[in-house]
Each structure stands twice: as C-alpha cells, then as structure tokens.
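To start, the structure under review is shown below, and the notes come after it.
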Amino acid sequence: MYSKITLQKGKEISVQRLHPWLFSGAIKLKEGFITEGSIVEVFGSNGQYLCTGLYGSGSIAVRVISYEQVKIDTAFWVNKIAKAWEYRQNLGILNSHTNCCRLFFAEGDGVPGLVLDYYDGHVIFQAHNIGVYQLKADIVVALQHVLGTALKSIFDKSADTLGKHAKEKSVNGFLLGQSGSVAVTENDVKFEVDFVNGQKTGFFLDQRVNREILMKYAKGRKVLNTFSYTGGFSIYAAKAGAMLVHSVDVSASAIDICNQNAELNHLTNHQAFVADTFDFLKDKQGQYDCIILDPPAFTKSRDTRHQAIIGYKRLNAMAMKMIQPGGILFTFSCSGVVDKFLFYNTIAAAAMESGRDVKILEYLNQPPDHPVTPYFPEGEYLKGMILYIR
Ligand code: SAH
C-alpha cells in the first residue's frame, strides 16, 4: 500500500522506545517511489512492521505518525485530533474563562510537524514539514468532524514553516470560512489576535499558565515587560493591581496591538514602547521592581548555541543589575536546544556577574496544551525561573 523502508539490524530500538524520529543512518533499504513527504511504512531487519511515518530527505528520514499498520485517511486524522481535543477537554483547559489553546502540539500529540492553535473556534493550521502539509485536506475534514459547530474557520499559516527541503511553496490563506482578527479570552483577560499578520500563529499560547502565576507577584509593583509582543504578561500584571506596567518590543505592529489590548481590558496604568530591550534597559536603573524577560529563541541550532548562551547571560545580568532591591524577575528561554539545566546554569552565571543576592522562587515550564512525553524529551522547549533579587 505505502512505500517501504527497512532498517539496519539493531536500529529498531529507537522506534521500540517510541521515539518519533528515525535518522537516515538507520535505513538499510528503500522500496517504492519515495519523495519528500511520502507516507512510508517502516520494517525491522527481520521484516516485522514497526511504524508508519512521513519521509524527509534531511537527517531525520522518517517522522513517525503511527505505530499501527493503518491507512492514513480521514478516519486516521479524526482519531488523532479527537484524542488531542479530548485530552484538553479532560484537563478543562477550555472553560468559561479561557476560549483559546493549542489544540495539537506536534510530537507531543503524535504527529511531528502538525500544529493546530484554537482561537475561540478559529483554528490555525501550521505544517512544519511537507508530509503534513500534503495531507491538509484530510486534516480539514477531520477538524470539521471533531469540532462540529464549534469550528468557525481554518487558516493555513505554513508559508514560513515548511522547512528547507520543501520544494512546494505554500501561500497562507483560509482553508475554511473567513475571519479578520479575533478577540479571545484567556483567564478572563481579553486579547486581540491577528493570526493573519501576527508572529507565529498570532499569539503566544504557551505562556498562559506563567502569565497567571505573574498575577501572584505583580500587585503594587512597577512592572517592566520586555519582549512583550502584544502585551500578554503586561495585561495580566495590570489586572492584578500593578502600580504601573511598561511594555517594550521592537515590533511596532506588536506594540499597536498591545495598546489595543490595554484598551480592551480598560487599563489606565499601562504604557508601551517600541524599542530594543537591550537599549531600553541601559538607563532605567532602579525604576522597576518586577521585570519579565521572554525573548525570542536566541538559537534554533546547536551550532549557534554558545552565542545564544552569551546572549541570555548578558540580558539577565543587565536586568538583575538594574532591578530594585526586593525585585521579582521572571526569566524565560524558548530555545529547544538550550535545555533547562543549561538555562539554569546560565542564570547562575548571570547572577554571579550581577553581584546581587539572588534566590530562586519557582521553576516554570510549558503548559499542558503543549504536552511533553517521556518518549520525546526534546519536546520540552520552554523553561523559566522566578527570581527574588535583593
Ligand atoms: N512574552 C510574549 C511573547 C514574546 S515573543 C507574550 O507573552 O506574548 C518575543 C518578542 O520579542 C517578539 O514580539 C519580538 O518582536 C520581540 N523582540 C525580538 N527581539 C527584540 C529586541 N531586541 N528587543 C525587544 N523586542 C524584541
């Protein structure tokens, strides 16, 4: 039915451990017409079926989507998406306070490269490999089946994410229905999400839980939210009773929406600045007693990891030096290749350089709608710390 890949003897172990990637060096034989994105069935050296996956010509040769020898049809996608939806329903992630979340998180939900974000019935489809992209028609049908009348539109935002091996060009656009930007509610806080023009899928859903945690600390404080994007942390801090909140981002369009979000939530103690965080921090000594550092991934590859570490250390040392005594620092890294222990060590180095007395209050991570599995620890990318700085 599908093209066939046979592994070298001894290379079956990674599939048996349920790791969703197979590297090209593990392959002994390819049979059938296999191109970038083809569905392939993988067999062990003894001829036993192991898994079904999507072929790629890079170092990851197969991305596993099933450990059962089934047809990859609409029913397959209905099953996958229904499982992901049910998981989030069981955890109560969508409720009367929150109507947005990540609906499908790639390997964490069993399909490498498939991301679906849910914004109050509007779904953003984002494929990170051509295999998933080629199957989008079935995924659309499955979404209609699983979400039923809750589904309002589906927007494909894969133009920049298909990867360097993709020959096919993708144009962003609606696969179902139509919509302008939508206003969503997250923990009773309102946000305007412009998924067509905004970064990633329009909003950083992965900070929902950490934003809520900020509410415990922000009351009465002078809060600086750097790398604010559309003001996620800022609006929560202001709602929690911060004395004042300042947002900083280099992107003028993000700051526009940030101001709209402040208005949408009736804030009066918020101000936003279009600026580079490193410049902004330079002359603000002692002006804030709560700072959030949530920079973009400083690296996506191991080759540039060292430079990224230098960047994280410099940024954190700057913030530690200028925060008021008794201040609270929320600091994050979303670089997958910087694991949490490397990040914690980097923060230790920054603390030493700052000369301040630093205590660790809490460790933070990604929320359950961005699930990490025991089989794929690489799926853990977001880590953070809350620090007390004397
Ligand atoms: N904390 C945000 C998400 C941050 S994403 C939230 O909760 O929604 C990272 C942001 O950093 C992006 O908006 C990007 O425009 C911004 N950015 C990147 N480099 C920057 C820099 N040097 N100074 C300020 N902002 C920067």
Side-chain angles (χ1 to χ4, degrees), residues 98 100-102 117 119 124 160 181 183-187 189-195 197-215 218 223-240 245-262 264-265 270-284 288 290-300 304 307-308 310-316 318-319 322 329-336 338 364-367 369-370 381-386:
T98 299
C100 54
C101 73
R102 178 148 293 185
D117 280 349
Y119 296 114
I124 314 307
D160 298 326
S181 68
V184 297
T185 308
E186 187 194 80
N187 292 314
V189 182
K190 294 195 186 75
F191 290 102
E192 197 68 36
V193 178
D194 181 358
F195 47 79
N197 305 302
Q199 296 180 30
K200 302 280 170 86
T201 69
F203 192 59
F204 290 85
L205 291 162
D206 56 0
Q207 289 287 23
R208 180 185 62 254
V209 172
N210 299 327
R211 291 182 192 124
E212 202 180 2
I213 295 172
L214 175 66
M215 295 186 96
V223 178
L224 173 64
N225 181 19
T226 64
F227 308 94
S228 67
Y229 188 50
T230 55
F233 284 101
S234 310
I235 315 293
Y236 276 71
K239 283 206 120 185
V245 181
H246 288 170
S247 302
V248 176
D249 201 286
V250 273
S251 156
S253 55
I255 288 297
D256 270 351
I257 300 181
C258 182
N259 282 322
Q260 284 176 40
N261 285 334
L264 201 61
N265 291 280
H270 173 261
Q271 231 185 316
F273 304 88
V274 179
D276 177 280
T277 297
F278 290 91
D279 292 339
F280 189 89
L281 287 177
K282 275 183 192 148
D283 58 352
K284 305 293 184 305
Y288 301 100
C290 180
I291 299 179
I292 298 108
L293 303 174
D294 183 24
F298 283 166
T299 175
K300 289 199 162 67
T304 52
Q307 277 312 108
I310 292 171
Y312 286 121
K313 181 181 164 201
R314 180 168 159 243
L315 175 68
N316 281 275
M318 273 179 97
M322 53 83 71
L329 182 66
F330 273 61
T331 181
F332 297 95
S333 161
C334 61
S335 304
V338 175
L364 305 173
N365 41 43
Q366 66 210 60
D369 51 333
H370 295 64
Y381 70 98
L382 180 64
K383 53 263 154 201
M385 292 167 103
I386 308 176

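Counting starts at 1 for both ligands and their atoms, following the listed order. What you see is a predicted model; the values in this text were computed from it and never measured. Counting begins at 1 with the first residue of the sequence.
- Contact of the K239 side chain with the V189 side chain is registered, since non-hydrogen atoms from C-beta on lie closer than 4.5 Å.
- Partners of F204 by ring-ring contact (aromatic ring centres under 6.0 Å, His included), not counting sequence neighbours, listed by chain and number: Y229.
- Between Y119 and T201, the side chains place a donor N or O and an acceptor N or O closer than 3.5 Å (distance only, hydrogens not considered).
- With S228 as the fixed residue, the side-chain contact (heavy atoms from CB on, under 4.5 Å) test singles out one of T277, D294, I255, V248: I255.
- Remark: aromatic rings of F280 and H246 are distant, center separation not under 6.0 Å.
- Residues lining ligand 1 at a heavy-atom distance below 4.0 Å are given as Q199, F204, R211, F227, S228, Y229, F233, D249, V250, S251, A275, D276, T277, D294, P296, ordered by chain and residue number.
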| request: Given salt bridge (charged side-chain N to carboxylate O under 4.0 Å, His left out), test K200 with D117 step by step and report yes or no. | output: CA-CA 10 Å; K200 302 280 170 86; D117 280 349; over 6 Å; no
